[in-house]
Every structure is written in C-alpha cells, then in structure tokens.
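Written out below as structure tokens is the structure these notes cover.
Note: hydrogens, waters and symmetry copies are ignored here, and every other heavy atom, side chains too, is used.
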Amino acid sequence: MPQDSASQTGKIARAAGTVSLAVLFSRILGLVREQVFAGLFGAGLAFDAYVVAFRIPNLLRDLFAEGALSSAFVTVFTDYEQRLGQEETWRLANNVVFCFTLLLSLVVMAGIWLSPDIVGVMAPDFGTVPGKLELTTLMTRIMFPFLILVSLAALAMGVLNTKGKFFVPSVASSFFNLGSVVAGVGLALAAPRFGMAPIVGMAWGTLVGGSLQLLFQLPLLWRVGFRLKFVLNLREPGLLRIFRLMLPAVVGLSATQINIFINTFYASSCAQGSVSWLSYAYRLFHLPMGLFGVALMVATLPVVSRHAANHDLAALREALQSSLSLAILVTLPAACGLIFLAHPIIELIYQHGQFTALDTQQTAAALALYSLGLIAFAAVKIIVPVYYALDDTRIPVLGSFVAVVANLFIIHLTLAALQHRAIALSTSLSLILNFFFLAAVLYRKLSGFKLGGLMLTFIKVAGASVIMGLAVSWLHPRAIAWLGSSLAGKTLGLAGVIGIGISLYAALVSPLRIPEFQELLRHVRSKLRR
C-alpha cells in the first residue's frame, strides 16, 4: 500500500474511530429512547402521531443542521482558516451564528402558525382516526423550536471538527437522547394531570434534549478559541459563499425531504401502526448508519475540504478511495447481520410492554429491507461532501431528484402487495441508484480513481459477509434452544452469536489482502500496545 494512501487511511480511520465510539454511546441511548417509546406506547395512534410531528421540523433539520449548512460551513470555515487567519475565521463563525438564528426563528414561527395545514398535507389519512390529526398538530407546534437548537449544535460541531475535535461533538447527541428520555418520561407521567395525552410529555422532552445537545459543546468551543460576538453582516463574502453552496444543495437535499414526505404520506395510508413500524426499523438501521456512514462522512469532510482548498486532487482521490473502502469493510457485514438477524434483534430490543409480536414481525420485515441500502447510504454520505469541497452542488441535486422519481415509481409498483414494506424497499433501491449516479459522474470529474480495487474489495467483503450472515442465522435458534427463551437467554444468545459473527468475518477477511483492513489492524494493534 503506498505511503500516502496508508497515511490517508490512517487519518480517516482514526477520526472515524473516534466519531464511531462517541456515536456508539449516542445510538445506545437512542435505542433506550426507542425502547421507552415502544414499551409505553407500542405501535399505534400515539406513536404514529409523534413520529409525524417530530418528522416535520426534522425535515428542515436535515437541510440546515446535518445537510447543506453543515457541509457548506465546514468547507468555507476551513478555507478561511487556511488563507485568512483566526480573527477573520471567528468573525465568519459569529456572523453565521447570528444570521442563521434570525432566519431559523422566522421559519419556526411560520411553522408553528401553519402546523395544522402542514400535518393535513403530510398525513391526510390521520383525519380518519378521531383525535389523531389534532394530537399530531399539537406536538408539531411544541417541537418546531427544536430546529433552532439542533442547527446551532451542528454549527458548533462543524467548528470543532475543523479544529480536529471529533469526540465531544459526536457524543453531544447522547445528551439529546438522555435529556429527551429522562425529561420526556417525567413529563409524560405528569401530562394527564394537565389534561394532555402522555405522548405530549415526550414532545416537550425533545426540546430539553435539543438544548442539552447544544450546551454540552459550548465549553470545548470556548477552549478552541470561539468567543460569541454580535456580528450580522449580510454582505460578508464567506457568508455569501456559504449561501451559494447551500442553495443548490438545499434544492438537492429537498429531494431527500420530498422522499421522506412521500414515504410518510403513503405510510399514513397503510394499516395503523405502519408509520411506527417504519420508524422503529429506521431508528435501528440508524445504529450502523451512524456508527459507520456518518462517522466516515464527518472524518472525511475536513480532509477533502483541505485537499480541495490546496487544489491537491491526487490526495483528494486517495482520501475518497480510502473512505469508500472503509465503508465497504464495515457496512456490508453490518447489513448482512441486520438482514439475517432482523427478527431476534427487534424482538429483544422492542417487544416489551405495549409492543406486540405482530409489531416485531412487521418492524423486522422493514429493517431487513432498509438494510439493503446501508452501504449505498454510507457511500453517498462520503461522496456528496467531495462535490461540496469542489464547489459543485449541481450533480448531487440531479442525483437526489433521480432518487425521488425512482422512489415514487417503486412505491407505486409495490405498495399494494407489500404495504409498509414497499416503502423500506423503495428507500434502499433509490439510495443505490443515487450512489451509482454520483459515483459515475465523480469518476469522470476526478479523472478516475482505483475502481478495480474498490470492486475487488466489494467482492471479497460481500462473500465474507454473506457467509457470516448464513452462519449467524443458523447459530441463533440453536443458541436460544440451549440458553432458553428468557430475557437473559435471548440477550446472551444474540450477543454471543453477534460476537461469533464478527470474529468469523474478521477471520474470513484477514487473509484476503485488503489494504484498508490491514491498516485498520495496524491502527488497532498500536492502540492496544499503548
């Protein structure tokens, strides 16, 4: 493996490993949060209403917090730091904070006012169930300010990532989950005393969690040099450049939000509980997606932004190659594990309290179909920031709208036969199509990269992953027969089978001479020696 390539892999792997560790804490707490929802509310009217209510500000959050704003801000912030020095860089950061706080405040006020109309368009079939539409509207109004909190938290994360600080901003989302669970459960228990449904307490808990996610990052933000100063200059070149990068990206990302809107619209027309089943499955799908896809994106973006700012396309190609190889190595086995163990995983995590065996069956079916698109999701998360770093947002826009058309077409073909499962399947297939489109154009834009190496890595890893998946699906029922079907038996059985699966996968991949895997092993060994 060339020294430059090994260096790129090592840097990205170290940063991604730090992010993954932090995200692991957050995802575990996120699963606890979902378990609380499943146990208290199951899959039905209340949780359907909460999912749609939270999804409305969340659609905008994906645009401002984790999408266009985050990527554009990191790109421009990095460029300012490289060229103009600290004073101008911090001035830009303050200008962005105040400008977007003002903008998002206007969006939130409009959203609160228009909540009944928004809910009516997004989930019109909720109106056929007494009280469901009204409950969804109330919680939408409560949770809309979450958009401001999480967008400011994303700006803080962008600054800290650029400064090489990955752990604290990544673990900050743990405080969102912790705050929303602790405050939410307490408020849910108190809500009936005030004449409100218990699920409304969970909506208020969401705001508490969003506040904690922002506040947790502030001490480290202060230590890296940020000082809050009132700056509001709408003609600032850096701010205008962020808007120029954002606006086409918002159009592209809006295609993703259109997909979510389409999925919600059709899910609300399926059997009651369908919105909940898809939400529980997607949240669990978020575990490997966050650990690997988002972690690699966060680790890759500052690297490719720096190479793009220095016009070093060779180094940028190496960073992209290493990131995609790492994505293949970690997401393919994760996807196979989720597909082959979907039912026991859902049963162990969610089937308590109000969550029934039918809910487990329907949620597991959705999870298996979502998992088909895991590697494509991670790859898109890596590729899109490369376009942003190159100041090209047109192609991601086109790719996103290709995905919208594909999603709508697939749902129409399969909804009658598959019901809510059609939505999970269409999500995965449209992600895969989007990835192929973006990768093909980027290949030409960068004058090629080592496609043969990536394909060989994919084939090797896919073979090892399928063998691992078949092995764990064979082992699991035998482990349960031996350990028993109690909660402890199911927990030990599933954990043991997953551990065996990971070991088997590592044993299968190790002799296949995959450079990134060898670099990962060297990185792990050096950590252990320390």
Side-chain angles (χ1 to χ4, degrees), residues 55 59 62 67 252-270 274-275 277-290 292-294 297 324 327-328 330-340 342 346 362-384 395-443 454-455 458-459 461-462 465-466 469:
R55 187 163 290 170
L59 292 180
D62 288 343
L253 286 165
S254 68
T256 303
Q257 312 317 314
I258 291 169
N259 261 342
I260 294 172
F261 173 84
I262 290 169
N263 293 347
T264 305
F265 180 88
Y266 282 106
S268 70
S269 70
C270 296
S274 293
V275 173
W277 297 328
L278 288 166
S279 177
Y280 286 125
Y282 195 75
R283 292 292 181 181
L284 192 54
F285 171 66
H286 249 269
L287 179 61
M289 189 174 71
F292 308 132
V294 176
M297 178 201 72
L324 290 175
I328 291 169
V330 295
T331 56
L332 263 182
C336 283
L338 288 176
I339 290 168
F340 284 102
I346 295 295
Q362 302 288 14
T363 304
L367 176 60
L369 292 171
Y370 274 134
S371 300
L372 293 173
L374 180 60
I375 185 172
F377 182 93
V380 169
K381 282 284 187 182
I382 292 166
I383 288 175
V384 168
I395 299 302
V397 168
L398 292 175
S400 296
F401 280 101
V402 167
V404 168
V405 174
N407 186 46
L408 191 57
F409 180 71
I410 295 166
I411 290 177
H412 268 297
L413 283 180
T414 59
L415 187 67
L418 299 178
Q419 288 290 290
H420 75 288
R421 292 168 294 171
I423 295 165
L425 177 63
S426 67
T427 298
S428 291
L429 294 181
S430 59
L431 273 172
I432 292 169
L433 182 62
N434 190 22
F435 161 68
F436 278 118
F437 175 80
L438 293 175
V441 177
L442 189 61
Y443 183 83
L454 284 173
M455 289 300 299
F458 179 86
I459 292 168
V461 172
S465 299
V466 171

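If you take CD1 on Ile432 and CG on Leu374, they are separated by 10.5 Å, rounding to the nearest 0.5 Å. Between atom CZ of residue Phe377 and atom CG of residue Asn434 there is a gap of 11.0 Å, rounded to the nearest 0.5 Å. Separating the CG atom in Leu284 from the OG atom in Ser279 is a distance of 11.0 Å, to the nearest 0.5 Å. To the nearest 0.5 Å, atom CD of residue Gln419 and atom OG1 of residue Thr414 are 10.0 Å apart. For the atom pair CD1 of Ile328 and CD1 of Ile375, the computed distance is 5.0 Å after rounding to the nearest 0.5 Å. Distance check: Thr264 OG1 to Arg55 CZ gives 3.5 Å after rounding to the nearest 0.5 Å.
Counting only distance, with no hydrogens or angles, the side chain of His420 and the backbone of Gln362 share a donor-acceptor pair below 3.5 Å. Under the 3.5 Å distance criterion, the side-chain polar atoms of Ser274 are left unmatched by any main-chain donor or acceptor of Cys270. In this structure, Ser269 contributes its side chain and Tyr266 its backbone to a donor-acceptor pair below 3.5 Å. One N or O on the side chain of Arg421 and one on the backbone of Leu418 form a donor-acceptor pair closer than 3.5 Å.
Considering Val405, Ile423, Leu429 in turn, Leu429 is the only one that fulfils the side chain to side chain contact (heavy atoms under 4.5 Å, CB included) rule with Ile410.
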Could you give the side-chain donor-acceptor pairs of residues 436-443 under 3.5 Å, partners two or more places apart or in another chain?
none

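Note on ring orientation: taking the six-membered ring where Trp is involved, the planes of Tyr370 and Tyr282 are perpendicular (angle over 60°, cut-offs 30° and 60°).
The nearest pair of heavy atoms linking Ala368 to Ile339 is O-CG1, 3.6 Å. When all heavy atoms are compared, the tightest approach of Ile411 to Ala422 is CG1-O, 4.4 Å. Across all their heavy atoms, Leu278 and Ala366 have their closest contact at CD2-CB, 4.0 Å.
With sequence neighbours left out, the side chain to side chain donor-acceptor pair (under 3.5 Å) criterion links Ser426 to Asn407. For the side chain to side chain donor-acceptor pair (under 3.5 Å) test, no residue two or more places apart in sequence or in another chain qualifies with Ser465.
At most 12 non-hydrogen atoms from other residues, nucleotides or ligands lie less than 6.0 angstrom from CZ of Phe458.
In this structure, the side chains of Asn263 and Thr427 come closer than 4.5 Å at one or more pairs of heavy atoms. The side-chain heavy atoms of Ser371 and Leu367, taken from C-beta on, include a pair separated by under 4.5 Å.
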Decide yes or no on side chain to side chain contact (heavy atoms under 4.5 Å, CB included) for Leu324 and Ile383, but give the supporting numbers first.
CA-CA 9 Å; Leu324 290 175; Ile383 288 175; 4.3 Å; yes
